[in-house]
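Down below is the structure, laid out as structure tokens.
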Amino acid sequence: MKPGGRERLDELLGGRPELAAIAEDAFRSVESCSDKNEIDRTRVRLLGKKGVVSSVFKGMADLPPEEKPAVGEIGNLLRALLEERLDEKSVLLDAAEVEERLRRGAVDVTLPGRKGPTGHHHLLSRVTADVVSVFVGLGYRVVEGPEVELDYYNFEALNTPAYHPARSLNDTLYVYRQDPERDNRDDVLLRTHTSPVQVRVMESEKPPLYVVSPGRTYRRDEMDATHSAMFSQVEGFAVDRGITMAHLKGTLAVLARRLFGADRKVRFRPHFFPFTEPSAEMDVSCFRCDAAGCGLCKGSGWLEILGCGMIDPNVFEHVGYDPEEFSGFAFGMGIERIAMMKYGIEDLRVFFENDMRFLAQF
Ligand code: DAH
């Protein structure tokens, strides 16, 4: 509304008491509105087609011509001023309603917010990260490989012959198998270990290589306290000039002490893996009983934690490395097993059941 609108209206209504009464009445009814519904009804009653303002215009028909312009102006001013006042009143009522609700305590914006429960990493992710970070600290790089893998990377290039039991339908989950009677490098399977990442990295890069590779692995196992068809491993390997078994031992002893305590001793027992020669399993002295013998180490004083060895020259041949020039070591470990030992968990199934009573403890 232009400034002065209200003064002009009052001026025009000066000598016209009948119209002045109608206007006064109209403004009063806007002021007396006490909620939004009343505003809506009043708006119709004042400004609608059959409303008060319309009747002012209609009344002009019976007026002498010299009166018409002034009464027309009164009608226009009245409509604009009432509209403006209705809008203002509506905003005021909104604010009043919020204030009233606050007063009644429905919303207290001064209260501190309610905090939702905070999540955290799954224990298996934590242990994986603990292992990986030991190696990252030693200068290793993290590389991940596919969980759906080719027979070639999972078995063939890892020097795993056709007669090896791991290749049987009873041990491996195949996605696509061409001819079960003969081994086929194009067969597609869920990787049974993280070792195929060794081949993938060596195939596409040249030494020196210092790599760790965490990830999920799959085998055709029934779920029980110590088996699961899906489980987690961390693989690692180093290839360079002049790498010896001494490097392997020193590196893995660092891992054992970081994971299980600075006083831990390690020992290496001869073993067999197709892709390492020689191969070994590494035990760590029992951290629970300090190797005296307890339930955890079953009286032996030692806990088996990983498989390892010097990378077999046959593997190097698959990736085109000269075994006279380069040598390397590799190792692989199961994360569930390490987590179970470290945290005193007796049944592996708790990792996958997602019971908050278990998960929230870590
Ligand atoms: N891939 C083996 C397994 O799943 C573990 C393993 C053993 C990995 C020796 C290695 C290794 O890299 O050198 O049982």
Side-chain angles (χ1 to χ4, degrees), residues 131-146 149-162 164 166-167 185 191-215 217 233-259 264-284 304-334 338:
V131 171
V132 166
S133 74
V134 170
F135 289 101
V136 168
L138 295 174
Y140 283 56
R141 169 165 74 87
V142 181
V143 178
E144 287 180 291
E149 185 54 284
L150 291 171
D151 172 288
Y152 175 74
Y153 292 107
N154 195 82
F155 293 130
E156 189 175 326
L158 287 168
N159 197 35
T160 305
H164 196 284
R167 296 185 81 141
R185 47 163 40 208
R191 65 179 179 185
T192 61
H193 51 177
T194 41
S195 304
V197 181
Q198 291 182 35
V199 183
R200 286 182 171 275
V201 173
M202 287 193 263
E203 184 181 74
S204 59
E205 297 178 43
K206 290 275 163 262
L209 296 172
Y210 294 84
V211 171
V212 264
S213 186
T217 50
Q233 290 191 336
V234 173
E235 188 80 13
F237 62 99
V239 185
D240 208 337
R241 286 187 176 84
I243 296 279
T244 70
M245 193 113 184
H247 298 117
L248 176 155
K249 285 184 161 185
T251 303
L252 295 178
V254 168
L255 172 74
R257 291 178 188 134
R258 291 275 171 78
L259 283 184
R264 299 279 69 80
K265 292 187 184 63
V266 292
R267 72 174 185 190
F268 292 80
R269 281 178 291 105
H271 199 76
F272 173 79
F273 296 104
F275 36 89
T276 42
E277 182 60 36
S279 304
E281 279 186 334
M282 184 178 83
D283 298 340
V284 54
E304 177 201 321
I305 62 166
L306 56 77
C308 58
M310 301 305 291
I311 296 175
D312 195 300
N314 290 341
V315 175
F316 284 151
E317 247 161 61
H318 272 101
V319 297
Y321 290 0
D322 177 0
E324 297 299 320
E325 185 181 4
F326 296 113
S327 58
F329 64 78
F331 53 89
M333 69 203 85
I338 291 176

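Quick caveat: nothing in here was measured; it's all calculated off a predicted structure. Below, each value reflects all heavy atoms present in this structure, side chains not excepted, and no hydrogens, waters or symmetry copies.
Taking the side chain as every heavy atom from C-beta outward, Val201 and Leu209 approach each other to under 4.5 Å. Side-chain atoms of Met202 and His318, non-hydrogen and from C-beta on, never get closer than 4.5 Å to each other. Side-chain contact check for Pro207 versus Glu325: every heavy-atom pair is 4.5 Å or farther apart. Taking the side chain as every heavy atom from C-beta outward, Thr194 and Val234 never approach each other to under 4.5 Å. By the 4.5 Å heavy-atom criterion applied to side chains, Thr276 and Met310 are not counted as neighbours. Taking the side chain as every heavy atom from C-beta outward, Val197 and Glu235 never approach each other to under 4.5 Å.
Taking each heavy atom of Ile243 and Gly328 in turn, the nearest pair found is CG2-CA, 3.9 Å. Closest heavy-atom contact between Leu248 and Gly309: CD1-O, 3.4 Å. Heavy-atom minimum distance, Tyr210 versus Gly139: CB-O, 4.3 Å. In terms of heavy-atom proximity, Glu144 sits nearest to Ser213 at CA-OG, 3.9 Å. For Pro146 against Arg191, the heavy-atom pair with the smallest separation is O-CD, 3.4 Å. Nearest heavy-atom pair across Leu158 and Pro196 is CD1-N, 3.7 Å.
The existence of a salt bridge linking Arg141 and Glu205 is confirmed by a sub-4.0 Å separation between a basic side-chain nitrogen and an acidic carboxylate oxygen.
A distance of 13.5 Å separates CD1 in Ile311 from CZ in Phe273, rounded to the nearest 0.5 Å. Atom OG1 of residue Thr251 and atom CZ of residue Phe329 lie 3.5 Å apart, to the nearest 0.5 angstrom. Summarising the geometry, atom CZ belonging to Arg258 is positioned 8.0 Å from atom OG belonging to Ser133; distances are rounded to the nearest 0.5 Å. The distance from the CD atom of Glu156 to the CG atom of Asp151 is 6.5 Å, given to the nearest 0.5 Å. Separation of atoms OG1 (Thr217) and CD (Gln233) is listed at 4.0 Å; rounding is to 0.5 Å. Residue His271 holds its NE2 atom at 11.5 Å from CG of Leu306, rounded to the nearest 0.5 Å.
Taking the six-membered ring wherever Trp is involved, the centroid distance between the rings of Phe275 and His193 falls below 6.0 Å.
Arg257 contributes a side-chain N or O that, together with a main-chain N or O of Arg264, makes up a donor-acceptor pair within less than 3.5 Å. For the pair Arg167 (side chain) and Thr160 (backbone), a donor-acceptor distance under 3.5 Å is present. Between the Asn154 side chain and the Thr192 main chain, a donor and an acceptor come within less than 3.5 Å of each other. In this structure, the side chain of His247 engages the main chain of Thr244 through a donor-acceptor pair within 3.5 Å. In this structure a side-chain-to-backbone donor-acceptor pair under 3.5 Å is present from Asn159 to Pro274.
By the 6.0 Å and 45° rule, Arg200 stacks over the aromatic ring of Tyr153.
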How far apart are the C-alpha atoms of Phe331 and Leu255, what are their side-chain angles, what is the distance that settles it, and do they pass the side-chain contact (heavy atoms from CB on, under 4.5 Å) test?
CA-CA 11 Å; Phe331 53 89; Leu255 172 74; 5.6 Å; no
Could you walk me through whether Asp283 and Arg269 pass side-chain contact (heavy atoms from CB on, under 4.5 Å), step by step?
CA-CA 8 Å; Asp283 298 340; Arg269 281 178 291 105; 2.7 Å; yes
Could you check Met333 against Ile305 for side-chain contact (heavy atoms from CB on, under 4.5 Å), going step by step and ending with a plain yes or no?
CA-CA 7 Å; Met333 69 203 85; Ile305 62 166; 5.9 Å; no
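For the ring-ring contact (aromatic ring centres under 6.0 Å, His included) with Phe316, the lone residue among Phe237, Phe326, Tyr321 that qualifies is Tyr321.
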